[in-house]
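Below, all heavy atoms of this structure are taken into account, side chains as well, without hydrogens, waters or symmetry copies. Bear in mind the structure is a predicted one, so any value in this text is a computation, not a measurement. Within every chain, numbering begins at 1; the chains are lettered A, B, ... in the order of the sequence lines, protein sequences first and strands thereafter.
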Protein chains: 2
Amino acid sequence: MSQSLTIEEIASLAQVSRSTVSRVLNEHPNVRASVRERVLQVISEQNYAPRAAARSLANNRTQSLCFLFPNKTSSVFEDPFFAMLMQGMLEVANRRGYFVMLSAVAPDMEQDFYRKVLRSRPFDGLIMLASVEDDPLLPMLLRDRMPFVLCERHPYLRNVSWIEIDNRESAREAVLHLLKLGHRRIGTITGPLNTSSGVERRDGYKQALLEHGIGIAPELIIEGDYHPDGGFAGMQRLLQLPDPPTAMFIASDLMAIGAMRALRAAGLRVPHDTAIVSFDDLPAARFADVPLTTVHQPIRDIGLNATDILIDQLEQQDFTPTFRRMPTKLIIRDSCGASLRTGA
Amino acid sequence: MSQSLTIEEIASLAQVSRSTVSRVLNEHPNVRASVRERVLQVISEQNYAPRAAARSLANNRTQSLCFLFPNKTSSVFEDPFFAMLMQGMLEVANRRGYFVMLSAVAPDMEQDFYRKVLRSRPFDGLIMLASVEDDPLLPMLLRDRMPFVLCERHPYLRNVSWIEIDNRESAREAVLHLLKLGHRRIGTITGPLNTSSGVERRDGYKQALLEHGIGIAPELIIEGDYHPDGGFAGMQRLLQLPDPPTAMFIASDLMAIGAMRALRAAGLRVPHDTAIVSFDDLPAARFADVPLTTVHQPIRDIGLNATDILIDQLEQQDFTPTFRRMPTKLIIRDSCGASLRTGA
DNA sequence: CTGTTAGCGCCTTCAA
DNA sequence: TTGAAGGCGCTAACAG
């Protein structure tokens, strides 16, 4: 890159000391207005910007955040859920003057990531997506007092900050909807059961059934992975039962899309033969073959709020654990069969 | 965060000078093996990692790259194309020891981004996705000699590095395929015509037609935006023609999916009434309602190679403009109708 | 092969 | 309100 100026040169051009330029840069009040003007003038003329590295070294802050994605699968970024989350996060970070670094750590690289990256402190705080029960990174982060916010409640850790939705209640409502439509044999494909969203949505499913005096049938509960292939495989297994379910609560839209493929392959129609309610309300839910009835969660807002929380904590230097809960809403479309009934 | 050690303290624990520790850290050859061992031992015991900011200040390198996304639409990250590209980029960056910063700059923020972010040099180089003809950032990058690689050839700039596919030839083959199937009235929905991929794919379409003695019908060429809604709208317009096309070359899978919605809404079947060949071969192409015949491009590899090129340039300090061309391949599925014919 | 010595560019006391 | 001076943690000559 071309030689860029230093604060020293700006100072001499503006005929003040480095300190004064620094004060102007950092919006210190104690600078005479006329001097400030002159300095700003020179800065603008010279197109000067202080070097991030020098600043970081001096004030111990990088003005950047890290978004840490799990990388169990090779396709995190292809998951629209993460994409939308990221959209929200990036928006806030930029608005509030933070850079954003991205990391996707493979399971076997976690130690390495911690040692080489995290301890070198290239960022002020981080946002973790989808915390797994036994995530090895969390204890290290806590020990080092690295500020972070989880984008989902951790299965049992509570002395951290997170942002969440009411997974259990939302799932319960989804299943109640199916019950109201007359279904009694309802299956579910859950999320990963080492995440709290996976467990909670399953529990909401169970609760709804029990409230209606319907027993839990273990063979109707299949653990999935939030991805289409998991939905496909799960549905296939359920279809092999002697008495397959007439309705499904599927813990993510993507899995529901996979499950619908399996149903179609088996010659079954949604919602006529099998009703479906899913979770997330991704754009794909609306455009699916059969538009999905699904629990809407404000994904972008979640990312947005998580980032706001983190930056607030950083700027106020107050890291007392906190959480925020976002609202959800059941969106009725075609896959549950409700429109069939009213239509009929 | 907890107080972390400095190189000085590691040095005194290992009973050597800072320089020696520094040499060990940077894998300098000139360190006695036994000393190196001792230092590494201490480093590992203390869980030490040099601070990124201090390093950057001293050696003028940040070890980080920026991925710069266009942000015309609010949904860059929802585009699987970018997601897959990013996957490849992140992989290489991590493997070669670089951090990755992410930016999505809104059109009206470009000046600001340049002034505040770029000039503060928080990264060593950047990868730009989808360069538009009149992108205001490019001239500034060139002026500042900021190392960068484009993930698509710029419409006319040639003294830069980029990675590309042969858009024209690929599009030509796609259209030839439709011609071979007997179609004579073939329409196209193009990409944005201020990008080179948009222009080149359209030109490939024209070339194929002309080679077969078919005149270009301007009413059959509609400019799109690579997104589903653009495909939907474009197809709708074409369907209003007195003599609609019997086949379509659509410059992206997402637009093809949108176009198929429009066709379905009009009661037309793919491929029976309207054959379609598209471009990209996203995962969605395989799983579409009617699986898409489409030009496969190695998206992840493109990201991978772009990053390799950039890092090579940085590490060899050789910034002579270069480009690399990746192969494409027409994947025949159902939407073109080829299988109908062989089946029949 | 190793230690000494200057910086890298900025922020921040401390005096004036 | 301003300037002088020291230091943030590391790298990179330069000596030895």
Novice: So, for L310(A) and G125(A), which heavy atoms are closest and what is the spacing to 0.1 Å?
Specialist: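 Scanning both residues, the minimum pair turns out to be CD2-C, 3.8 Å.
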Novice: Identify whether any heavy atom of N30(B) sits under 4.0 Å from a base atom; if not, whether one sits that close to sugar-phosphate; answer base, sugar-phosphate or nothing.
Specialist: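 Contact class for N30(B): base.
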Novice: Measuring from the side chain of I7(A) (C-beta onward, heavy atoms only), which nucleotide among dC11(C), dC1(C), dA13(D) has the closest atom?
Specialist: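 In terms of side-chain proximity for I7(A), the closest of dC11(C), dC1(C), dA13(D) is dC11(C).
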Novice: To the side chain of T20(A), which of dT2(C), dT2(D), dG9(D) is closest?
Specialist: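 For the T20(A) side chain, the nearest candidate turns out to be dT2(D).
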Novice: Out of dC10(C), dT2(D), dG9(D), which nucleotide sits closest to the side chain of L57(B)?
Specialist: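 Comparing dC10(C), dT2(D), dG9(D) against the side chain of L57(B), the answer is dG9(D).
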Novice: Starting the side chain at C-beta, find the nucleotide from dA5(D), dG3(C), dC8(C) nearest to V16(B).
Specialist: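 Nearest to the side chain of V16(B) among the choices is dG3(C).
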Novice: Would you say the side chain of S22(B) and the base of dA12(D) hold a donor-acceptor pair, judged only by whether the two atoms sit under 3.5 Å apart?
Specialist: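 Not at all, since no donor on one side and acceptor on the other fall under 3.5 Å apart.
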Novice: Name the residue closer to the 5' end of DNA chain C, choosing between R23(A) and R18(A) according to the nucleotide with the nearest heavy atom.
Specialist: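 Per heavy-atom nearest nucleotide, the more 5' residue is R18(A).
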Novice: Grab the two heavy atoms, one from S4(B) and one from R119(A), that are nearest each other, plus how far apart they are.
Specialist: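 Heavy-atom minimum between the residues: CB-NH2, 3.6 Å.
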Novice: Among dT2(D), dC10(C), dC8(C), which is the nearest nucleotide to the side chain of A58(B)?
Specialist: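 Of all the options, the side chain of A58(B) is nearest to dC8(C).
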Novice: What closest approach, in Å, do V160(A) and P321(A) show between heavy atoms, and which atom pair accounts for it?
Specialist: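 Answer, listing the atom of V160(A) first, then P321(A): O-CB, 3.5 Å.
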Novice: What's the closest nucleotide to the side chain of S19(B) if the choices are dC10(D), dG9(C), dA12(D)?
Specialist: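 Looking only at heavy atoms from C-beta outward on S19(B), the closest nucleotide is dA12(D).
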Novice: Tell me if a side-chain donor or acceptor on D144(A) pairs with a main-chain N or O of M146(A) at a distance below 3.5 Å.
Specialist: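 No, D144(A) side chain to M146(A) backbone: no donor-acceptor pair under 3.5 Å.
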